[in-house]
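Input: a single structure, listed below in structure tokens.
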Amino acid sequence: MANKTAVQATINGEDVEFLCEPHQSLLEVLRDVLRLTGTKEGCNNGNCGACNVILDGVLVNSCLVLGVEAQGKRITTIEGIAPPHGLHPLQQKFLEHAALQCGICTPGFIISAKALLDHKPHPSEHEVRHWLAGNLCRCTGYDKIVRAVLDAADVMAVEVSK
Amino acid sequence: MQAFEYIPATTVKEAIAILAREGEQARVLSGGTDLIVQLREGRRKVRAVIDIKQIPEVNELSYDPATGLQIGAAVPCYRIYGSPAIAAAYPGLIDAVSLIGGVQIQGRATLGGNLCNSSPAADSIPALIAHQASALVMGENGERRIPIEEFCIAPGRTQLQRGEILLSIHIPPVSPYSGGAYLRFIPRNEMDIAVVGVGAWVALDQSGTTITAARIALGAVAPTPLYVPESGAGLIGKLVSSETVAEAATIAQAAARPITDMRGSAQQRSHLVGVLTRRALHIALKRAGYKSA
Amino acid sequence: METPVAEQAKATEVSVEERHYNIIGTRPIRHDGADKVTGKALYGADVRLNGMLYGKVLRSPHAHARILSIDVSRALALPGVKAVVTSADLATLDSVVSRVGEGAVNWRYLSNNILASDKVLYHGHAVAAVAATSLNAANEALNLIDVQYEPLPCVITAVQAMRPGAPILLQELRTNELGARGEIPTNIASHDQNMRGDLERGFAEAAVIVEREFTTGIVHQGYIEPHTATAVWGTDDQITIWTSTQGAHDARRQVAEVLQLPVSRIKVIPMEIGGGFGGKTVIYLEPVAALLSWKSGNRPVQVTMSRFEVFAGTGPTSSSVIKVKMGSASDGRITAAQVTMAYAAGAFPGSPVGGAMSVILNAYRMENVQIDGYDVVTNTPRVAAYRAPGGTNAAFASESVIDELACKLGIDPLEMRRINGAKEGDRRVDGPLIRRIGYLETVEKARASAHYQSPLPAPSTPGLKVGRGVASGWWGNWPGGTSSVSVIVNNDGTVNLIEGSTDIGGSRVAMAMQLAETLGLQAADIKPMVVDTDSVGYNDVTAGSRTTYSTGIAVHKAGLSIIQQMRERAAQLWDVESASVDYADGVISSKDNHIGFKELARKVGDGDGNVVASISISPNGDGVALATHIVDVEVDEETGKVQILRYTAVQDVGTAIHPAYVEGQIQGGAAQGIGWALNEEYVYDQQGRLLNGSLLDYSIPTALDLPMIEAVIVEVPNPTHPFGVRGVGEVPIVPPAGAVANAIANATGVRMTVLPMSPQHVLEALWTQGNERV
């Protein structure tokens, strides 16, 4: 294909180089070029949060970022947040609280929640709901998701204080 | 998405040169939250996308109590509300920037983009107008400054001429006994486009009881964000009271030219202009130091 | 969906007393969970095959138009384009109706919905599709397909479509009028009626009569995963399809009918599914992807819908107009009810008006009643099932009227429901006798709840109004269909559970728990998996709240077979009669011996004949579900905005296998119902074009729009399931709209008769009814 640009980025801690066309979104690059299909497409329009990733520490919709814009950036996707042989506390709490049903929105929620806790380790319920309002879930009614995030925050606070 | 050339410009001059050369065929990319959607849906067709995020000047965000607030065109919303000094000085602006899209949109979206996208329902524009903000624009022939209320000329169209780029938005320093507010009405609590938006700004005399200056601007009730000078002018010299505020709201309602679309009816919008103007003024007055009896 | 109940189903009945379970009622972590929280789980659109092409579908810009011609030559000439298909590539099918899943399908209509033939019947109707080497090329090719249309006038609502002289969608359609075929072309596909008693006498006995007309808009299931299908038409003419479906076998059957191929030529591989709520029981893309693969020289083709295509091109649920007239004696006894309801089916017949006719009054004893239901075609997408199809609109109407009667009589709304609530032995409005249900238990539990017992909160801001509403809901469930499972005992003592029922919200763990309970093992000892259509017996769709019930029965039966085999193996080992070997809690024992399940499995090993069981059942049981919801709202009368402050959902679930996922179903259903109640609705322009086909403008609730939703589980075991299970998924969406409407009435004195109760509609109601407040 014409006009492919070489892009270097750090994805989930690994230096990655890929080729992409200018019109390809970061979401397309992740899913189709790098085959990191954990990041999901729900609307391709910035309205559902299923494709959320963390870009240089900032939560973004990867469908609203061009792949070429990733040049020199650090990107964290759902595939990159668990420690080796384990789960991130958010992942663990989502399981314990049954905070997922179909699971398609789950990666986006976990990424958004991670960005929240990175930014604000002790959020209130309202803050969790506000921060996650850009992530749509149609299965759970959000109840168990919010509980899982609050619980993970508590667990992480204990881990930090240890 | 349609094919285009991606140009990461590193200087203002470079960006201007491309804009001058390509005209309508080039579009500036900062946060991309509008542009990328428009390109994907074919609502906008371009040959070149100029990414300005590597240009130092447009990334500047500076606040000085003496000179005011300068927001570079590529500064995303989260940086604005993330600054405690700015948040304390301009709560009315923060009202707007903290409700554009959701958190992940605010990680990318910029006030510059909100302005240049020129949507009638843009959340930041009524707040900027109320705060008497201006846009600094640079072209091949130098700079010019445009009051925000004159910046948008039609849905999706602005004062920017061929070869011109928005560099920054400037908001005057905070005067004592002044306060601003932005309210929008949406059916959900987040993630919606404004059915109506109202930006209000007031200044009081030293006693905190008489209005000395006021500005009201409306969103989503005209082809462009609408400055309603007569609504603010009617408040000047008056003692703060519910009646005074209600009068200003009625004037704002009269100025609105809403239409019926999928987000609301003309009648509903007209009614909401009154409600939101009144409520926004009350918040602004409170922030200006007015203490209700 | 309703199945006539089942007096004949006694054979499946087992006695369920108060039982103690080891596994059922606990909350183990779901087996598929780790993959889902780490991004490893593969959904339909995650399939990546070598040489895969991208397909896209061209859709009608018109709501109603005749297709004069389609010229694909320019599209085919575009570099990268490998194939184009239109309805000319599909056989013309006979107009034959078959049962598929919970509903009936007319094969010709299904085919015409997948690719329009002579006419397009809604904005978004698929017309052609292309496959190309890149998504961009495929999209560009769509612009090069030249379709000539002759636009026709359109009808969007049932009321418009039923008017004399309305544009006719389907020239051959005749009304099925109470069983008799009509003679003139019409948009009314059918008129059905349920009646009993003497309406006139019933209304004469009434002290109070309320009569209202309700209208509701079109709403979409709103699953977050768009439809997708990937197909390879092999050079051996075997077709493999990876897809996101609520029923792989049903998908296979539909593809086979549309392509006129034997089912054995088609293998459907169900991927993880990103939500369905009924909307993924019908096929759209699968035959298109298969044909594109064939025409492109057997290359894999993936077709994934955009979000707009999901809204415009897949089945939402019906808009409706419902008239309810109900009378009550002064003691609160409902003396008569008359209902007339018209549901818009979209482009082809098949609205859920039948389900609505049973939902609307079945929760109550009704002596004098008449319900008339009309199924009407309109120039909108052909509806698909959506969680208790038809139920939310119906209960919105009936629960509002019952609430108003209670108000007028000064009776507590839950007391009103207690007075009239149906119980075992009563006759349903739609005919059958009611068996053991827990409706009155939900009412009592709601009345006793902390929520109902607490006073209304003060408004968050002076001037706002707060109110409380309740509503109940009935859903018949579909305790039938076929479920097949295979069970294999591994030589390490774990057990593979091979299913064909789509796991849409945690059913793998619920199946594993039922097998673990049966075998006396832990849930983690069971390895549940959903496999392709070649690898397990037939399974009906995961729909109608049937899976944990029906597939659960199959799992239980397979477990019993495993127990029998393990007893026989132990008998051989110990050289005793198998009749003398007992099995309890995972321990096999005889007089002198005992051995654990795992140890025996190890001893038996693999070389001596595997211990396996395969079961296929069609239970045809019963399992009606009932729910009662309570909601507190705050209404801003200046803006019309309604905020949900507190929500409690009480539901009879029979037996909760995994309570967390049962609560999840209740919370999720309530949330969808709240979205429907408050903001969700398709908006069309005058030409019938859908205006709000995005997740920005079609407003489903966000986390900030909802409070915690308290799910209160009532367990009245279902006697037709070995563990007492009732389907739980659907009924929680039935009460919310009625409950919210009643809360708004309580707060403002204004009765809402339109869904959604959006700010605009609430404001308009306040303006027009403001002076009639009660």
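Per chain, numbering begins at 1; letters A, B, ... match sequence-line order.
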- request: To the nearest 0.5 angstrom, please state how far the CG atom of A:N45 sits from the CG atom of C:L696.
  value: 7.5 Å

- prompt: C:S306 versus chain A, heavy atoms under 4.5 Å apart: side chain, backbone, both or neither?
  reply: neither

query: Which pair of non-hydrogen atoms, one from C:V37 and one from A:L100, has the smallest distance, and what is that distance?
result: CG1-CD2, 4.1 Å

- prompt: Which one of A:Q91, A:E28, A:E79 has the most heavy-atom pairs closer than 4.5 Å to chain C?
  reply: A:Q91

statement: Between A:T140 and C:Q667, the two heavy atoms sitting closest are O-CB, 3.5 Å

statement: With chain A, the option among C:G505, C:G33, C:G275 that has the most non-hydrogen atom pairs under 4.5 Å is C:G505

- prompt: Who among C:P707, C:A711, C:A671, C:G276 has the most heavy-atom pairs with chain A under 4.5 Å?
  reply: C:P707

- request: May I ask you to decide if A:C48's main-chain N or O and C:R307's side chain share a donor-acceptor pair within less than 3.5 Å?
  value: no

task: Measure the spacing between CD of A:Q24 and CG of C:N136 and express it to the nearest 0.5 Å.
output: 8.0 Å

query: Are more than 12 heavy atoms from other residues, nucleotides or ligands located less than 6.0 Å from atom CD of A:E17?
result: yes

message: I'd like to know which of C:I700, C:I504, C:L135 tops the heavy-atom pair count under 4.5 Å against chain A.
response: C:I700

message: For chain A, which candidate among C:G506, C:G675, C:G669, C:G222 shows the most heavy-atom pairs at distances under 4.5 Å?
response: C:G222

task: Side chain from CB out, backbone as N, CA, C, O: work out which of these in C:I674 comes under 4.5 Å of a heavy atom of chain A, or both, or neither.
output: neither

Spacing of C:I273 atom CD1 and A:C102 atom SG [to the nearest 0.5 Å]: 8.0 Å

- prompt: Salt-bridged, A:R138 to C:E680, with N to O below 4.0 Å?
  reply: yes

- prompt: So, C:D705 and A:R129, do they make that salt bridge, N to O below 4.0 Å?
  reply: no

query: Got a second to check how far C:T702's OG1 is from A:N47's CG, nearest 0.5 Å?
result: 12.5 Å

- prompt: Hey, mind stepping through A:D32 and C:Y54 against side-chain contact (heavy atoms from CB on, under 4.5 Å) and telling me if it holds?
  reply: CA-CA 11 Å; A:D32 293 336; C:Y54 295 86; 3.8 Å; yes

- prompt: What's the shortest heavy-atom distance between A:C139 and C:F277, and which atoms?
  reply: SG-CZ, 3.7 Å

message: Can you tell me which portion of A:L87 sits under 4.5 Å from chain C's heavy atoms? Options are side chain, backbone, both or neither.
response: side chain

task: Just do the salt bridge (Lys or Arg N to Asp or Glu O under 4.0 Å) check on A:R35 and C:D46 with the steps written out, would you?
output: CA-CA 8 Å; A:R35 300 209 170 181; C:D46 298 334; over 6 Å; no

- request: Check step by step if side-chain contact (heavy atoms from CB on, under 4.5 Å) holds for C:I29 and A:E96.
  value: CA-CA 6 Å; C:I29 284 176; A:E96 289 174 12; 4.1 Å; yes

query: Just how far is it from atom CD of A:E41 to atom CD1 of C:I224, taken to the nearest 0.5 Å?
result: 12.5 Å

query: For the candidates C:P226, C:A41, C:A670, which exhibits the highest count of non-hydrogen atom pairs separated by less than 4.5 Å from chain A?
result: C:P226

- prompt: How many angstroms lie between atom OH of A:Y142 and atom CG of C:L704, to the nearest 0.5 angstrom?
  reply: 10.0 Å

task: For each of C:E225, C:H658, C:K40, C:R27, tally heavy-atom pairs with chain A at distances under 4.5 Å, and name the one with the top tally.
output: C:E225

query: For C:Q221, is it the side chain, the backbone, both or neither that has a heavy atom under 4.5 Å from a heavy atom of chain A?
result: backbone

- prompt: What is the minimum heavy-atom distance between A:K144 and C:E663, and which atoms define it?
  reply: NZ-OE1, 2.6 Å

- request: Considering only heavy atoms and a distance below 4.5 Å, find which of A:R147, A:H126, A:Q92 pairs most often with chain C.
  value: A:R147

task: Go through the atoms of C:R30 and report whether side chain, backbone, both or neither lie under 4.5 Å from a heavy atom of chain A.
output: side chain

